[in-house]
There are 4 protein chains.
Amino acid sequence: MSTKRDDKDERKKEFIFAAMLEVAQKGLNNVTIDHIAVSAGIGKGTVYEYFSSKEEIFGAAMAEFMGQIEAIQARKLFRATTPPEKLKAILDSWVEVSETLGYEFMKLTIDIWAEGIRQGNPELSEVMNIKQVYYEYREIVSAIINDGINGGIFNAVDTKTVAGIFLATVDGLLIQWLIDRESMDIRKTADMLFQTVMQGISIK
Amino acid sequence: MSTKRDDKDERKKEFIFAAMLEVAQKGLNNVTIDHIAVSAGIGKGTVYEYFSSKEEIFGAAMAEFMGQIEAIQARKLFRATTPPEKLKAILDSWVEVSETLGYEFMKLTIDIWAEGIRQGNPELSEVMNIKQVYYEYREIVSAIINDGINGGIFNAVDTKTVAGIFLATVDGLLIQWLIDRESMDIRKTADMLFQTVMQGISIK
Amino acid sequence: MSTKRDDKDERKKEFIFAAMLEVAQKGLNNVTIDHIAVSAGIGKGTVYEYFSSKEEIFGAAMAEFMGQIEAIQARKLFRATTPPEKLKAILDSWVEVSETLGYEFMKLTIDIWAEGIRQGNPELSEVMNIKQVYYEYREIVSAIINDGINGGIFNAVDTKTVAGIFLATVDGLLIQWLIDRESMDIRKTADMLFQTVMQGISIK
Amino acid sequence: MSTKRDDKDERKKEFIFAAMLEVAQKGLNNVTIDHIAVSAGIGKGTVYEYFSSKEEIFGAAMAEFMGQIEAIQARKLFRATTPPEKLKAILDSWVEVSETLGYEFMKLTIDIWAEGIRQGNPELSEVMNIKQVYYEYREIVSAIINDGINGGIFNAVDTKTVAGIFLATVDGLLIQWLIDRESMDIRKTADMLFQTVMQGISIK
DNA sequence: CATGAATGAGTCTTCATTCAT
DNA sequence: GATGAATGAAGACTCATTCAT
C-alpha cells in the first residue's frame, strides 16, 4: 500500500530524473525550471513544492547521479580480492557505469567537473565537494597499490602519484567517450589501459 | 607605422584576451558582454563593432586559446625525432601549456569540453569542431606509435586504441590539475605517466 | 451542547482572529493565506470552506476589528450623561481600545486607513465603508457638541468643524502611539488633550 | 547647454515623480515596476538603469516627497517670529503642503505611516526613519512652546505632551482630509484648531 | 567610430485558488 | 468536511542587442 509520503518521494524522484536528463543534455546553465517541469510532466509551480530553488534541484540531481555511480561501483568492488583485481574492478566499474546510465546521463559529468573547478555554487558545493571526492578516490587507489607493493606483486612506485595517474586515465577515457563515443570501444580501451598500467607497475 | 586596420585588430585582440580570462574564470554562461567590455577597457556598444554576437566572441576566444596551445606544442614537437621522444614531447607540451598559460586561463578547457560534448552552439561548432580536433590528435599519435612499431621499438599494439589511451591520460591529468592543483605535481606525474606507458608498450 | 453549525462558526472566528493578527503585524499585502491558515491551525484549503477569497477574509477581519472597537466604546458611552462627559468617554474609549486590543492588533488601523483612502478594493468597501464610518462619528460628536451649546456650557462654535477637530485629535494620537509608543503616555496625553479642547470651546 | 549628466538626472527625476504618483494611488505594495515604467513612458528594463531595485525606487520616491514637504515648510517658518506665529506657521505649512502637492500625491502619506509603523523595509528605513522624523518635529514644537512659556504668553504646560498633541492634531486632520476631502474645509478647520489650542494654552 | 542609454524577451520565484481524495 | 498537492498568472530582475548621438 502506498502512503502519501511514498507518493511524494516517488514524484520527487521522478522529477530529479527529469532534471538530470535536462541538465545532462543542455548543461547546468542552459536549463530552465520550465523545461524541466514540462519534461517531468508537472506544472512550473509544482516544482517549488519539492524544491526551494533551482540550485537545490541541481544539488539533488547531482547527488542522485553520484549516488547511482557509487552504488554500481560498490557492487563491482565487492567481489574483487587481489590488488590487480581491485584496480581492474575500479576501471570496469566506470565502464559499467557508462553502459548502465547511458550516454545521455553521463554527460552530467562535464557539469560536475565544471562546478568542481569553478566552485561558484554554494548549494552544490554543499552536497558534493569534488575535491574531496577526488581525494578519497586517490586514497583508496593508493591503498590498493600499497597492498600490491607489500604483497610483492607491484614495484615500489610512488603510490600517490600512480594512483593519480590511474584515476586520470579513467577521467580521460570518459572525456574521449563523451566527446566522440562512435570512434572508440570503451571496454576494449579500458582493457588495454589496464594491461598497460599493470605492465608498467608489476614486477616481472 | 600603425594603420587604422592595425589599431582595430589590436583592440579586437585585447578584447578577446579579456573575454578568455572572464570566461575561464566564471564559465561561459556567467559572463556578460558588459563585464568583458569593462575589463577590456572599451564600451559595451563597441563590442558589436568587432563581433556580431556573444557566440562569435566565444568562438574567437576559444580559437585563440586553441591557437596558443598549438603554437606552444609546435615549438616542442619541432625538436623531437624518435617516436618515444615525440610522445614525450606531446606530453611535455601540455605541461608547458599549463605552466605558460597559467591556471586561470586553462580553466577555459572545461568550457571547450562542455561545448564539444554538447554541440548546442552552431557558432562555436563552426570555428572549432572538437571531435575533429581529437580525431586529428589521435591520427598524429597513431602515426608516431606506428613508426615505433615499424622501427622495432614498440610492441605491435592496436595503435588507434593506444593512441586513445595516451591522449586520455593527458586529458585526465589536466582535469586532476584543474580540480585540485595543490595536491599534485603535474610535471612529476607526467614523467611517471610516460615511463609507465612506455614500459607498457616498449619491447623489453 | 455544541452543534455543527457552532463548530463551524467557532473555527471561522478563530481563523479571523489569526488573520487579524497576521495582517496587523505584516500588513495587508505581506500576508499569505497559508500563513494565516497555519497560525489558525487549519489547512490552507479549508480556508475556502469559510471564505471565498482573500479579500473576503480581510473584510471579515476588519469588520471584526471594528466590531470589537465599537463594543468597547458602547460600554464606555453608556454611562456618560453630560456633553463633556460624553466627549471624554469617546476619547477614553480609544485609550481603552488601545490598551485592551494591544499594540499588535491596533496596527490594523493603518491598513484600514489605507483601504479607506485607496478604496481600490470593492470587497472591502462593501463590508466597511470608512467614509461612512467617519461621517457617522462626526454626526455623533456634532450632536453632543450641539447639546452642549444648547445647554449653555459650550460656546456657539461651528459644530461640524469642531467635531472634525475632535476626531482628528483622536486619530492623530493613535498614529503617534503606533509609530512610537515608547515615547508617549497615551492616557496622560489624552487627558491633557481633553482639557485643552474643553478650554477652547467651553464658556468661561 | 544640457550635459548628459543633467539629462540623466532629469529623467531620473521624472521617473521618481511617476513612481510617487503610482504609489500614492495604488499603495506601495500594489505597484509594479511595469506600471511605473509605462506611466513614466519608458521601458521596464530602463528603470534598472536608474535604480537597482524596487526598494530603491520607493526610497527615492519617499525621500523626494519628504524633501518637497520640508522645502515648503522651511519657506513658511522662515517668516514666523513669535511662538504663536511659529505654531501657526507649522499648521499652515501643512495646509499649504496639501494644497501644493495635491490630494493624489498626499496619499503617499499613508504608505509612509505604514512603513514607519511596520518598519519591514530596510531600504526605506535607511533613507527615512519616521520615528526619528517625529522625534525631531516634537523637539522643534517643544522648543517653541517653551519659548512661549518663558516669554510669559503660554501657561506652564508639559511642553513635550502638548507638542505631541499639537502634532497629533495635524496628522489627524490630514487623515480626515485623505479619507474624505469633500466633507471638510481643511483651511477653516486648521484655523479653528489653532484658536482652540491657543485658547487652551495661552495665559488669559 | 565609439559609446552607453534604452529595451523587452526570458527567467526565477511567489501565492491565491482549485480540486481530487 | 477537511486537506494539501498542483497550478499558472503575475512580478522583479538580467542582459544581449540596437541605435541615436
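Order of the sequence lines fixes the chain letters, A, B, ..., with proteins taken first and strands second; residue numbering starts at 1 for each chain. Quick caveat, the model's predicted, so the values are computed rather than measured.
Counting to the nearest Å, the P atom of dG4(E) and the OH atom of Y50(D) are 14 Å from each other. In this structure, CG of L28(C) is placed 14 Å from P of dC15(E), rounded to the nearest angstrom. For the pair E56(B) CD and dA16(F) C1', the computed distance is 14 Å after rounding to whole Å. As rounded to whole Å, 11 Å separates atom C1' of dA16(E) from atom CD1 of I36(C). Rounded to whole angstrom, the span from the CD1 atom of I57(B) across to the C1' atom of dT17(F) amounts to 11 Å. The CG-P distance, from N29(B) to dC15(F), rounds to 11 Å in whole Å. Taking atom NZ on K12(C) and atom C1' on dG1(F), their separation rounds to 15 Å, with Å as the unit. Here dT18(E) presents its C1' atom at 18 Å from CZ of F51(C), a figure rounded to the nearest Å.
Considering only residues two or more places apart in sequence or on other chains, E49(B) meets the salt bridge (Lys or Arg N to Asp or Glu O under 4.0 Å) condition with none of them. Shown here are the salt bridge (Lys or Arg N to Asp or Glu O under 4.0 Å) partners of K26(B), two or more places apart in sequence or in another chain: E22(B). Judged as a ring-ring contact (aromatic ring centres under 6.0 Å, His included), and not counting sequence neighbours, the contacts of F51(D) are F15(D). Legend: residues meeting salt bridge (Lys or Arg N to Asp or Glu O under 4.0 Å) with E104(C), ordered by chain and number and at least two apart, are K107(C).
Using a cutoff of 4.0 Å between basic side-chain nitrogens and carboxylate oxygens, D111(A) and R118(A) are not scored as salt-bridged.
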Problem set entry | Structure string for DNA chain F in dot-bracket form, Watson-Crick and G-U at under 3.5 Å, | interchain | .||||||||||||||||||||

Seminar exercise, completed: Letter by letter from the 5' end, nucleotides 7-14 of chain F scores (B base, S sugar-phosphate only, - none; protein heavy atoms under 4.0 Å) BB-BSSBB

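Interatomic distance, NZ of K13(C) versus CZ of F17(C), reported as 6.5 Å (0.5 Å rounding).
Residues F65(C) and T109(C) are in side-chain contact: their nearest non-hydrogen atoms beyond the backbone lie under 4.5 Å apart.
Counting all heavy atoms, side chain and backbone alike, I130(B) lies closest to G116(B) at CG1-CA, 3.5 Å. Scanning both residues, I117(D) and L178(C), for their nearest heavy atoms gives CD1-CB, 3.5 Å.
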